[in-house]
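Worksheet for the structure shown next.
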Amino acid sequence: MDKTKDKIMMLLLLPLLFFIALTGWRVDFFRLLDSVSGEVLFASPAALGHKFTTRYIHSVELTPVEDEYYVVDGKLWSWEERVRSSKAGMPSVRPEYGRYIENDQWMIYQGGRLSWETFYYRIGNEHLGLNQSSFEPFGRRNFYEIFRGRKLSVSVYKAPFLYSSVRFANSLMYAPEGVPAVERRTR
């Protein structure tokens, strides 16, 4: 009888213990904030290795530049930068702890061991920057239309899983997603 009583007690305690674990289990969150107002534009739990990509048109070269970041251990790690030219302040040498790859479309700089908990992302407009961004699985969006001229704070932080939810600012939620990649602009 005692064993049956112990089993029933354990079955009753398991949901309580699970709930207690959820309140303390900390996960990585990816967040976009407006740097001036502090408004949360986007927040979502982020699994290890989740990818965030920015794309813009270089102001001098007028060619696309893509930066790819991954969420790892509470930070955004710069994994790869893709450029079409190596002039006017763009990368031109292999990172010390990385590699250089060239194909028909891109010059690719991988690695380098750069990471941030927070970085600032200045958004241009339809004449300067043409910034686009994507965070899996939400697709590419035209940030230069949604957040024209704003400075965003991009960060990763840890918080209890219990409070996890996806938050979209209305301007981001209703913006078209999966838009085509911007290409070279002429002056």
Side-chain angles (χ1 to χ4, degrees), residues 22 25-59 63-84 101 103 105-106 108-185:
L22 281 182
W25 180 31
R26 300 175 67 76
V27 297
D28 290 333
F29 279 78
F30 175 83
R31 178 175 59 191
L32 290 174
L33 292 173
D34 181 298
S35 293
V36 175
S37 70
E39 175 191 3
V40 176
L41 305 170
F42 177 80
S44 172
L48 177 69
H50 225 80
K51 181 169 64 171
F52 172 65
T53 305
T54 63
R55 183 182 177 102
Y56 60 92
I57 300 299
H58 191 274
S59 61
T63 59
V65 176
E66 287 187 354
D67 294 304
E68 202 169 276
Y69 305 92
Y70 285 89
V71 174
V72 179
D73 195 29
K75 293 185 179 186
L76 281 162
W77 285 83
S78 176
W79 171 246
E80 183 171 288
E81 183 167 30
R82 296 179 285 274
V83 298
R84 300 241 172 102
I101 304 165
N103 62 32
Q105 187 176 11
W106 297 104
I108 303 166
Y109 300 87
Q110 285 185 341
R113 296 186 181 173
L114 297 175
S115 66
W116 306 268
E117 289 177 6
T118 301
F119 72 84
Y120 295 101
Y121 184 32
R122 187 163 301 277
I123 307 299
N125 55 35
E126 61 277 351
H127 303 293
L128 183 65
L130 290 170
N131 304 75
Q132 295 180 308
S133 292
S134 63
F135 182 69
E136 295 173 338
F138 300 104
R140 184 182 304 126
R141 296 173 193 251
N142 289 334
F143 274 35
Y144 69 92
E145 292 175 343
I146 306 166
F147 306 118
R148 179 178 289 117
R150 290 166 84 176
K151 183 172 117 179
L152 306 182
S153 170
V154 180
S155 63
V156 174
Y157 66 98
K158 288 194 176 291
F161 180 78
L162 185 65
Y163 302 109
S164 67
S165 66
V166 175
R167 292 178 47 192
F168 270 97
N170 283 339
S171 56
L172 187 59
M173 184 183 312
Y174 298 114
E177 63 180 81
V179 296
V182 294
E183 289 297 329
R184 184 181 183 110
R185 297 291 279 216

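- Looking only at side-chain heavy atoms (C-beta outward), Arg150 and Asn131 stay at 4.5 Å or farther from each other.
- Not one N or O on the side chain of Trp106 forms a donor-acceptor pair closer than 3.5 Å with the backbone of Arg82.
- Contact check for Thr118 versus Val154: no side-chain heavy atoms found under the 4.5 Å cut-off.
- Residues Tyr70 and Leu48 form no side-chain contact, since every pair of their non-hydrogen atoms from C-beta on lies 4.5 Å or further apart.
- Side-chain contact check for Leu128 versus Tyr144: every heavy-atom pair is 4.5 Å or farther apart.
- Put simply, the side chain of Arg31 never gets that close to the backbone of Tyr157: no donor and acceptor are under 3.5 Å apart.
- Formation of a donor-acceptor pair under 3.5 Å by the Gln132 side chain with backbone atoms of Pro180 is found in this model.
- In terms of the ring pair (Phe, Tyr, Trp, His ring centres under 6.0 Å) criterion, Tyr120 has no residue partners (sequence neighbours excluded).
- For the ring-ring contact (aromatic ring centres under 6.0 Å, His included) test with Phe42, the passing option among Phe138, Phe29, Phe52, Tyr121 is Phe138; the others fail.
- Under the 3.5 Å distance criterion, the side-chain polar atoms of Asp34 are matched with a main-chain donor or acceptor of Ser37.
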**Study point:** Glu183 vs Arg55, salt bridge (Lys or Arg N to Asp or Glu O under 4.0 Å): CA-CA, chis, key distance, verdict
**Key:** CA-CA 10 Å; Glu183 289 297 329; Arg55 183 182 177 102; 3.0 Å; yes
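- Contact of the Phe143 side chain with the Tyr56 side chain is not registered, since no non-hydrogen atoms from C-beta on lie closer than 4.5 Å.
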**Study point:** Thr63 and Val83: CA distance, side-chain angles, deciding distance, side-chain contact (heavy atoms from CB on, under 4.5 Å) verdict
**Key:** CA-CA 8 Å; Thr63 59; Val83 298; over 6 Å; no
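- Between the Ser78 side chain and the Leu114 main chain, no donor and acceptor come within less than 3.5 Å of each other.
- Nearest approach of Ser153 to Ser35, heavy atoms of both residues: N-OG, 3.3 Å.
- In this structure, the side chain of Arg167 does not engage the main chain of Val40 through any donor-acceptor pair within 3.5 Å.
- A 6.0 Å sphere centred on CG of Asn103 holds more than 12 heavy atoms belonging to other residues, nucleotides or ligands.
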Exercise for review: Give the C-alpha distance, both sets of side-chain angles, the deciding distance and a yes or no for salt bridge (Lys or Arg N to Asp or Glu O under 4.0 Å) between Glu80 and Lys51.
Suggested key: CA-CA 11 Å; Glu80 183 171 288; Lys51 181 169 64 171; over 6 Å; no
Check your understanding: Please walk me through it: do Glu81 and Asp67 pass side-chain contact (heavy atoms from CB on, under 4.5 Å)?
Key -> CA-CA 5 Å; Glu81 183 167 30; Asp67 294 304; 3.0 Å; yes
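- For Asp28 (side chain) and Gly74 (main-chain N/O), a donor-acceptor pair under 3.5 Å exists by modelled atom type.
- Looking at Arg84 and Glu66, no side-chain N of the basic residue comes within less than 4.0 Å of a carboxylate O on the acidic one, giving no salt bridge.
- Using modelled atom types, one side-chain atom of Arg140 and one backbone atom of Val179 make a donor-acceptor pair closer than 3.5 Å.
- The distance from atom CG of Leu32 to atom OG of Ser133, rounded to the nearest 0.5 Å, is 7.5 Å.
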